[in-house]
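What you see is a predicted model, and the numbers here were worked out from it, not measured in a lab. Count residues from 1 along the sequence.
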Amino acid sequence: MEQENLFSYVQSMIISSTHQPKYMSISTVKVADILGVPCTEVENGLKSLVAEGRLKTTKLEQPPYTEVYMLH
């Protein structure tokens, strides 16, 4: 999967988020289905974007304790 396509898609999801500050819980299964790629490619792509410093990730401190992504 091309990193720029994934980043562009995730970036638009985060920017359109109504949360303040902007963050988004990303379902890798849904993103993989929309982009037509295996789920593992999306997971690896997100990990790579976090490692590159283009995205930040954290876990919510309250239920449902999901992992959320923010633009860096």
CA sep, side-chain torsions, deciding dist, call: Lys59, Thr66, side chain to side chain contact (heavy atoms under 4.5 Å, CB included): CA-CA 6 Å; Lys59 286 208 181 262; Thr66 57; over 6 Å; no
At their closest point, which heavy atom of [X] faces which heavy atom of [Y], and how far apart are they?
| X | Y | value |
| --- | --- | --- |
| Met24 | Ile14 | CB-CG1, 3.8 Å |
| Cys39 | Thr28 | SG-OG1, 3.4 Å |
| Ser48 | Gln3 | OG-NE2, 2.9 Å |

Flag the pair Val50 / Leu46 as yes when at least one side-chain heavy-atom distance between them is below 4.5 Å, and no otherwise.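 Of all side-chain heavy-atom pairs linking Leu46 with Val50, none is under 4.5 Å.
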Quick one, Leu6 and Val37 - any side-chain contact, counting heavy atoms below 4.5 Å?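 Answer no - side chains too far apart.
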Mind checking what makes side chain to side chain donor-acceptor pair (under 3.5 Å) contact with Thr57, not counting sequence neighbours? Glu67
Working to the nearest 0.5 Å, report the span between [atom1] of [X] and [atom2] of [Y].
| X | Y | atom1 | atom2 | value |
| --- | --- | --- | --- | --- |
| Met13 | Ile15 | CE | CD1 | 12.0 Å |
| Tyr69 | Leu49 | OH | CG | 9.5 Å |
| Met70 | His72 | CE | NE2 | 9.5 Å |
| Glu41 | Glu2 | CD | CD | 12.0 Å |

Is a side-chain donor or acceptor of Lys22 paired with a backbone partner of Ser17 at a separation under 3.5 angstrom?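 It does hold such a pair.
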Could you tell me whether a side-chain N or O of Asp33 sits under 3.5 Å from a main-chain N or O of Val29, the two making a donor and an acceptor? no
In this structure, would Val10 and Leu35 fall into the same cluster of hydrophobic residues linked by side-chain contacts under 4.5 Å? yes
Any link between Leu55 and Ile34 through a network of hydrophobic side chains (Ile, Leu, Val, Met, Phe, Trp, Tyr) touching at under 4.5 Å?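 They do share one cluster, since a chain of ILVMFWY contacts under 4.5 Å joins Leu55 to Ile34.
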Which residues satisfy the ring-ring contact (aromatic ring centres under 6.0 Å, His included) test with His19, sequence neighbours excluded? Tyr23
NZ of Lys47: more than 12 outside heavy atoms within 6.0 angstrom? no
Derivation and outcome, side chain to side chain contact (heavy atoms under 4.5 Å, CB included), residues Tyr9 and Val42: CA-CA 11 Å; Tyr9 186 75; Val42 174; over 6 Å; no
